[in-house]
Novice: 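Could you have a look at this structure, given as structure tokens, before my questions?
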Amino acid sequence: MERILSVFLCALLVCTFTACDKEQNEETKYDAASPSQSDNTPSTIIPDTYTFIGEVLSVEKGMILVSPDKQNSAISPEVFVNVSQFSELKFEKGDRVKVVFNGQVAQSFPPQILGVINIEIIE
């Protein structure tokens, strides 16, 4: 009886250790529903990027306040976007912008998107 119990406990330990393996295959790591791409070509996939389109409400030094479109319901009604690295762009109130970011958002009100990868003014 002890031998059967020992074998059972060993098998249980082996199953426990193999179930806790955290290594993931990079191809299956990303959820296709949430990350987005800057365009549709497979060669330009940037993992863990998120995109939204919205209207500029105000412009401050290095930051713009954006109201994301309604289809971006997961984003706050207004967000600050750090645009300091895009000094060549001149934003004005009412501009429509497409923001691509890495998911870095400061917990403030309104939220501040910090990890901006790309931003463009659209028509």
Novice: Below 3.5 Å, can you tabulate the donor-acceptor pairs from side chains in residues 78-86 to any protein atom, sequence neighbours excluded?
Specialist:
| residue | atom | partner | partner atom | Å |
| --- | --- | --- | --- | --- |
| N82 | OD1 | S84 | N | 3.0 |
| N82 | OD1 | S84 | OG | 2.8 |
| Q85 | NE2 | V116 | O | 3.0 |

Novice: Flag yes if more than 12 heavy atoms outside E88 fall under 6.0 Å of its CD atom; otherwise flag no.
Specialist: yes
Novice: Do F52 and I113 pass the side chain to side chain contact (heavy atoms under 4.5 Å, CB included) test, and can you show the C-alpha distance, the side-chain angles, and the key distance before you say yes or no?
Specialist: CA-CA 11 Å; F52 71 90; I113 295 181; 3.3 Å; yes
Novice: Please report the closest heavy-atom contact between P77 and P68, naming both atoms and the distance.
Specialist: O-CD, 3.4 Å
Novice: Look at the aromatic rings of Y50 and F101 and report parallel, tilted or perpendicular, splitting at 30° and 60°.
Specialist: tilted
Novice: Run the side-chain donor-acceptor check on residues 57-65: report pairs under 3.5 Å with partners two or more places apart or on a different chain.
Specialist:
none

Novice: Calculate, to the nearest 0.5 Å, the distance between atoms CD1 and CD1 belonging to I122 and I53 respectively.
Specialist: 4.0 Å
Novice: Kindly give the heavy-atom pair with the smallest separation between K90 and D95, and that separation in Å.
Specialist: O-OD2, 3.9 Å
Novice: Is any side-chain heavy atom of I121 closer than 4.5 Å to a side-chain heavy atom of E92?
Specialist: no
Novice: Taking transitive links into account, so neighbours of neighbours count too, which hydrophobic residues share a cluster with F109 at under 4.5 Å side-chain distance?
Specialist: none
